[in-house]
There are 2 protein chains.
Amino acid sequence: METLRERKKQRTRDALLRVAVELFTTRGYEQTTVDDIAAAVDVSQRTFFRYFAGKEDAALALDGLTVARFIEAVRERPPHEAPMEAMRQAVLEGWDSINGIVESVVPVEQFLRMYRVIESTPVLLAAHLRRSAEVEETIARVLAEREGLDVDADPRPRVAVAVFGGVMRMTERRWSTGADFSLDAMRALTVSHLDQAGSALTENWRTH
Amino acid sequence: METLRERKKQRTRDALLRVAVELFTTRGYEQTTVDDIAAAVDVSQRTFFRYFAGKEDAALALDGLTVARFIEAVRERPPHEAPMEAMRQAVLEGWDSINGIVESVVPVEQFLRMYRVIESTPVLLAAHLRRSAEVEETIARVLAEREGLDVDADPRPRVAVAVFGGVMRMTERRWSTGADFSLDAMRALTVSHLDQAGSALTENWRTH
DNA sequence: AAGCTAATGACAGCCACTGACAGTTGACAA
DNA sequence: TTGTCAACTGTCAGTGGCTGTCATTAGCTT
């Protein structure tokens with residue numbers, strides 16, 4: 001962030017992202033055109049596409065910050081932890097540190113609102129899920145390395161991540177459609193659902 | 001399928017689907033335009049969009065048949081089975097009956113090729129994953145009803161489906177990128193991965 | 001055969017996105 | 001300071017997915 005040029009670029013990107021999120025969360029994703037965003041920042045449409053790979057990319061940029069943080073957190077977990085526990089702690093850490101990560105661009109409330117937009121907009125949800133799949137692949141490799149396994153020969157890391165990821169996406173869904181849309185609620189749901197994963201595999205739920 | 005009109009409509013739809021799959025699997029999804037498909041069937045582009053909600057819809061239509069079959073299979077599973085077991089059996093049944101379901105439109109080989117296209121085309125994979133999420137919601141409701149639970153009050157059905165779905169999507173991924181692209185391989189992977197889900201939750205993989 | 005209705009084709013138009021090229025503006029050395 | 005280079009931007013033209021509209025065609029009904 002040394003030169004004036006770099007600062008200018010950063011400002012343009014931030015402005016585009018801020019405006020995009022603002023419009024997406026108020027007017028709605030589909031009701032916002034790229035031209036709208038570009039016009040509001042007073043740049044050409046072409047410039048928007050130089051900063052973001054597409055409209056989707058801008059909509060998922062904030063979430064991307066937290067994803068990157070999550071991956072880092074898994075990498076930094078103490079090696080003695082079991083894989084599931086490492087992922088669980090990393091995710092909880094991630095939610096704790098959201099504030100510091102996102103706040104430099106938009107207030108956390110905006111981030112949360114954007115999350116709802118993603119979950120309620122089909123095309124965004126689809127893109128989000130695809131990226132989650134990529135993240136799962138990354139995490140599987142991290143875990144395999146931690147445990148000294150070959151990720152392609154031993155399916156266990158991928159299975160573990162798949163189970164974890166499945167529960168997490170379901171948690172996101174429930175959270176974003178539920179009444180309590182706070183970070184505390186997210187933490188509570190995460191812990192609760194992960195704790196139930198074990199019994200879900202084996203138990204019969206009927207009382208008799 | 002009584003009137004001539006209905007038969008004609010069916011034939012047009014089948015022709016569009018066949019041509020679409022043919023082009024997608026040979027030329028590639030992105031390299032095929034809707035105009036190409038419409039031209040090959042000798043209808044207007046507008047007509048294509050009257051039969052399919054979009055290009056994606058045509059690409060996922062075959063998979064949609066198997067999904068519908070899977071949901072039915074879960075519904076028909078004997079009530080005494082535990083939820084996980086019911087889903088597992090339903091999925092295996094589904095693969096067994098693919099032939100009879102798909103063959104009336106395209107040969108099974110085409111179906112399998114289309115599967116690879118979906119997994120290797122980002123936008124299609126995204127759409128596929130989103131639809132899988134919808135399927136999971138449906139299955140969660142089916143299971144809840146089976147077990148006499150309120151799906152909104154008791155998260156266990158959704159947790160179980162999330163775990164199952166996570167493993168299944170990971171299985172699809174591994175299958176479609178692996179060497180053995182046969183139905184037998186799919187069955188083997190499915191069983192193997194599901195069997196490992198339990199230990200993935202608790203175990204530590206290191207040998208010491 | 002005549003009238004109704006569903007299906008289609010033929011436009012026109014919006015929007016996301018891309019390539020190409022020219023103009024502008026910081027960076028950096030002479 | 002100035003001149004040169006490289007990076008950044010705007011403009012324009014074009015492609016492709018998708019939609020609304022309306023006139024035309026073709027099957028159904030009586």
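Letters A, B, ... mirror the listed sequences (proteins, then strands); counts begin at 1.
A straight line from NZ of B:Lys8 to P of C:dA6 spans 16 Å, rounded to a whole angstrom. Counting to the nearest Å, the P atom of C:dC15 and the CG atom of A:Leu23 are 14 Å from each other. As a whole-Å value, the separation of A:Arg5 CZ from D:dA6 P is 11 Å. Between B:Glu56 atom CD and D:dG17 atom C1' the separation is 10 Å, expressed in whole Å. Rounding to whole angstrom units, CD of residue B:Gln45 and P of D:dC18 are separated by 9 Å. Whole-Å rounding puts the A:Arg11 CZ to C:dG26 P distance at 10 Å. Atom pair A:Phe52:CZ and D:dC8:C1' shows a separation of 16 Å (rounding to whole Å applied). Across the protein-nucleic acid pair, A:Glu30 atom CD and C:dC14 atom P stand 18 Å apart, rounded to whole Å.
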Stepwise, does the side-chain contact (heavy atoms from CB on, under 4.5 Å) test hold for A:His193 with A:Arg174?
CA-CA 11 Å; A:His193 291 157; A:Arg174 247 168 78 91; 3.2 Å; yes
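Closest contact between the side chain of A:Tyr51 and the listed nucleotides C:dA27, C:dT8, D:dC8 involves D:dC8. Out of C:dA10, D:dC8, D:dG10, the shortest distance to the side chain of B:Arg46 is found at C:dA10.
A donor-acceptor contact under 3.5 Å is not formed by the side chain of A:Arg7 with the base of C:dG26.
Atom CZ of B:Arg169 is separated from atom OG of A:Ser132 by 9.5 Å, given to the nearest 0.5 angstrom.
Mapping A:Lys9 and B:Thr33 onto DNA chain D by nearest heavy atom places A:Lys9 at the nucleotide closer to the 5' end.
Distances shorter than 4.0 Å separate none of the side-chain N or O atoms of A:Ser44 from OP1 or OP2 on D:dT11. The side chain of B:Thr3 places an N or O atom within less than 4.0 Å of a non-bridging phosphate oxygen (OP1 or OP2) of D:dC28.
At least one side-chain heavy atom of B:Glu56 sits under 4.5 Å from a side-chain heavy atom of B:Tyr29.
Geometric assessment of A:Arg88 against the ring of A:Phe164 yields a negative cation-pi assignment under the 6.0 Å and 45° thresholds.
Atom CG of A:Asp42 has 12 or fewer neighbouring heavy atoms from other residues, nucleotides or ligands inside a 6.0 Å radius.
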